[in-house]
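So that the names make sense, note that chain A is the first sequence line, chain B the second, and so on, each numbered from 1. Side chains included, hydrogens not; waters and symmetry mates left out as well; all remaining heavy atoms used.
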There are 2 protein chains.
Amino acid sequence: MVSLESLGNQSLKIHLRVADQLGLAILRGEYAPGDALPPEIRLCEMLGVSRTAMREAIRGLIAKGLIDSRPKLGTRVRPPEYWNHLDVDVLRWQLEVSDTESYVRKMFQLRHATEPAATAIAAENGTSEDHQRIEAAFNAMVAAGSDNGLFVEADLAFHKSIYLATHNEFFWPIGQLFSVALKEMFRIAALGSHRPRAIIEHGDVLRAILERKPDMARAAALTLLGNAASDIRRIREGAPEQR
Amino acid sequence: MVSLESLGNQSLKIHLRVADQLGLAILRGEYAPGDALPPEIRLCEMLGVSRTAMREAIRGLIAKGLIDSRPKLGTRVRPPEYWNHLDVDVLRWQLEVSDTESYVRKMFQLRHATEPAATAIAAENGTSEDHQRIEAAFNAMVAAGSDNGLFVEADLAFHKSIYLATHNEFFWPIGQLFSVALKEMFRIAALGSHRPRAIIEHGDVLRAILERKPDMARAAALTLLGNAASDIRRIREGAPEQR
DNA sequence: GCCCGGTATTGGTAATACAATATCATCGAG
DNA sequence: CTCGATGATATTGTATTACCAATACCGGGC
């Protein structure tokens with residue numbers, strides 16, 4: 001018998017696939033802000049899904065602030081300032097359609113604002129469990145050796161643990177966002193980076209947190225960030241990574 | 001005939017009402033992280049809605065990271081570190097169930113991290129349209145006179161415009177969040193504050209942005225924030241506002 | 001020119017079939 | 001007889017179809 005796998009990647013829940021396609025189309029600008037999308041039924045037959053699935057997908061896009069839907073006047077694309085750009089899906093779509101360059105810059109602008117503060121707060125508020133988690137991630141970075149995947153994984157875990165250690169819920173989703181975004185970027189351009197220096201700098205951050213020295217932690221985070229940013233810039237400019 | 005209006009506020013789309021109830025219940029801790037909520041059908045009859053509506057509500061809560069749903073083991077509450085605390089609904093629920101005190105503090109921690117940076121970036125990148133919008137909000141603050149509602153509205157518009165003027169999409173949702181959160185707080189404890197001083201400080205921020213002086217803008221935002229935080233602290237402590 | 005009803009489009013409900021999976025019972029081997 | 005693997009079953013989420021309600025817009029009739 002002919003399996004259904006033949007069409008498309010599958011295995012994802014279908015309203016997610018649908019939402020993906022619609023979201024990409026919107027981010028790509030196929031439907032400009034203010035425009036109305038085709039009516040539900042047209043969309044259904046265009047993508048070959050049921051109306052319920054389409055409605056669930058639309059529900060999701062509404063939650064992300066991309067569109068607004070009212071009876072009779074259709075579902076319209078909202079102006080971008082209403083979009084939830086911190087949503088990981090929105091971010092992913094954005095990365096797929098627009099040039100990465102400016103997004104790296106903007107993301108580091110935000111990270112530059114939040115991460116030194118988060119690190120300082122973590123140095124102030126971190127519990128011993130937090131300390132253990134951060135230290136474990138650091139050790140994993142060291143132990144990763146030449147394995148790029150492991151290293152990146154541990155690196156992301158390190159920073160995410162710091163955001164968690166703030167014990168401030170508002171910082172958590174931001175750490176989550178960076179984790180996803182950076183992973184996506186590494187997927188695009190696998191980054192060797194200056195591993196020895198990175199480890200030293202992460203160690204400085206770790207020590208400041210363990211010793212509960214907020215100011216030192218903030219400073220360490222700042223230097224780490226500055227170097228990370230210039231690393232990525234160098235890579236984007238096509239310079240060969242030097243180890 | 002008996003109108004349906006009798007039960008509840010109404011006029012909101014029903015899956016939103018349902019999501020509201022479920023979200024509140026989760027935030028209230030009625031369903032602890034790891035717990036499974038009742039099966040869909042039970043929930044449907046408990047709240048008196050159709051399965052589709054319930055599914056749409058659940059879809060929304062999944063998008064906010066509150067729950068996760070898998071066949072057979074039910075829909076379970078995820079650990080709070082996965083919740084999207086930057087989502088305005090999550091924030092609203094949190095404010096309704098937990099004490100405001102610590103949330104004001106945490107929110108100002110974040111604001112302290114982002115707003116000086118955003119203001120500096122706005123001073124660097126703001127276009128003339130941005131300048132007009134910010135200035136208009138400032139004028140509205142001045143013109144508000146003794147009308148508290150107008151003043152708060154203009155105040156929020158002022159800060160939101162600054163976040164928009166960064167031309168960095170990642171800052172936009174954060175500005176949006178503060179706008180919603182502070183409005184909610186003012187709703188709870190109407191804040192007269194030091195209006196004359198506030199206007200002067202906002203004027204300093206405005207001038208720095210118009211003159212494109214990032215460092216001055218950052219500094220002005222910092223002093224403004226420091227005073228705003230202590231104002232709110234004083235109010236929370238029950239001290240009478242002095243004008 | 002104004003009112004009224006038709007129509008198209010989204011919002012909401014219901015019923016049904018399908019798929020995935022944890023639990024439990026049964027069967028067989030040691 | 002006990003332990004373990006394996007398969008049936010019940011439960012629960014997933015997906016489709018169909019139908020009715022509310023509403024904004026359009027056009028015709030008075």
Side-chain angles (χ1 to χ4, degrees), chain A residues 1-23 25-26 31 34-78, chain B residues 1-22 26 31 34-78:
Chain A
M1 67 189 81
V2 178
S3 97
L4 293 173
E5 319 298 311
S6 36
L7 43 114
N9 70 14
Q10 218 66 25
S11 90
L12 275 146
K13 281 168 213 158
I14 80 158
H15 64 266
L16 293 181
R17 290 195 296 113
V18 175
D20 227 63
Q21 301 197 40
L22 285 182
I26 293 174
Y31 305 107
D35 286 5
L37 291 69
E40 283 184 3
I41 308 177
R42 290 276 305 121
L43 286 173
C44 290
E45 54 199 29
M46 281 166 64
L47 301 182
V49 298
S50 79
R51 204 174 150 227
T52 319
M54 180 59 64
R55 286 183 54 172
E56 285 177 354
I58 290 189
R59 209 60 64 203
L61 294 181
I62 291 178
K64 298 182 194 308
L66 290 191
I67 57 180
D68 190 18
S69 177
R70 282 173 47 196
K72 180 57 190 178
L73 63 87
T75 71
R76 295 183 170 277
V77 180
R78 301 182 77 189
Chain B
M1 69 186 82
V2 178
S3 93
L4 293 174
E5 319 298 312
S6 36
L7 44 114
N9 66 20
Q10 215 63 23
S11 87
L12 276 145
K13 280 169 211 158
I14 80 157
H15 65 266
L16 293 180
R17 288 194 297 112
V18 175
D20 228 61
Q21 300 197 42
L22 286 182
I26 293 175
Y31 305 106
D35 284 6
L37 326 85
E40 279 188 357
I41 308 178
R42 290 275 305 122
L43 285 174
C44 290
E45 55 198 28
M46 282 166 64
L47 301 181
V49 298
S50 77
R51 270 191 85 194
T52 322
M54 180 59 65
R55 274 179 66 83
E56 285 175 352
I58 291 188
R59 199 64 55 212
L61 295 181
I62 291 178
K64 299 181 194 310
L66 291 190
I67 56 180
D68 190 17
S69 177
R70 282 175 47 197
K72 180 60 190 177
L73 58 90
T75 70
R76 294 182 170 278
V77 180
R78 302 183 75 188

Which pairs would a plain distance check flag for residues 56-70 of chain A, meaning a side-chain donor or acceptor within less than 3.5 Å of a matching protein atom at least two apart in sequence or in another chain?
residue	atom	partner	partner atom	Å
Glu56(A)	OE1	His15(A)	ND1	3.4
Glu56(A)	OE2	Arg55(B)	NE	2.9
Glu56(A)	OE2	Arg55(B)	NH2	3.1
Arg59(A)	NH2	Glu56(B)	OE2	3.4
Lys64(A)	NZ	Asp87(A)	OD1	3.2
Lys64(A)	NZ	Asp87(A)	OD2	3.1
Lys64(A)	NZ	Asp89(A)	OD2	3.0

ask   = Between dT13(C), dT14(D), dG11(C), which one does the side chain of Arg51(A) approach most closely?
value = dG11(C)
query = Among dT16(D), dT14(D), dG11(C), which nucleotide sits nearest the side chain of Lys13(A)?
reply = dT14(D)
Please report, rounded to the nearest Å, how far the [atom2] atom of [N] is from the [atom1] atom of [X].
X	N	atom1	atom2	value
Glu56(B)	dT14(D)	CD	C1'	14 Å
Met54(A)	dT9(C)	CE	P	15 Å
Leu73(A)	dT9(C)	CG	C1'	9 Å
Ile58(A)	dT9(C)	CD1	P	13 Å
Leu47(A)	dT16(D)	CG	C1'	16 Å

ask   = Does His15(A) have a side-chain nitrogen or oxygen under 4.0 Å from the phosphate oxygens OP1 or OP2 of dT14(D)?
value = no
inquiry  = For dT14(D) and Arg55(B) - does any side-chain N or O of the residue sit under 4.0 Å from the phosphate oxygens OP1/OP2?
reply    = yes
ask   = Around atom CD1 of Ile41(A), are there more than 12 heavy atoms of other residues, nucleotides or ligands at under 6.0 Å?
value = no
key: By side-chain hydrogen bond (donor to acceptor under 3.5 Å, both in side chains) - contacts of Arg76(B) (at least two apart)   = none
With sequence neighbours excluded, residues passing side-chain contact (heavy atoms from CB on, under 4.5 Å) with Pro38(B) = Tyr31(B), Arg42(B), Leu43(B), Met46(B)
remark   = In numerical order, the residues of residues 35-43 of chain A whose heavy atoms come under 4.0 Å of DNA chain D are none
ask   = Considering only heavy atoms, which members of residues 59-72 of chain A lie under 4.0 Å from some atom of DNA chain D?
value = Lys72(A)
message = What I want to check is whether an N or O donor and acceptor connect the side chain of Thr75(A) with the base of dT10(C) at under 3.5 Å.
response = no
task = Report yes if some heavy atom in the side chain of Met54(B) is under 4.5 Å from a heavy atom in the side chain of Leu22(B); otherwise report no.
result = yes
message = Would you compute the distance between atom OG1 of Thr75(A) and atom CZ of Arg78(A) and round it to the nearest 0.5 angstrom?
response = 12.5 Å
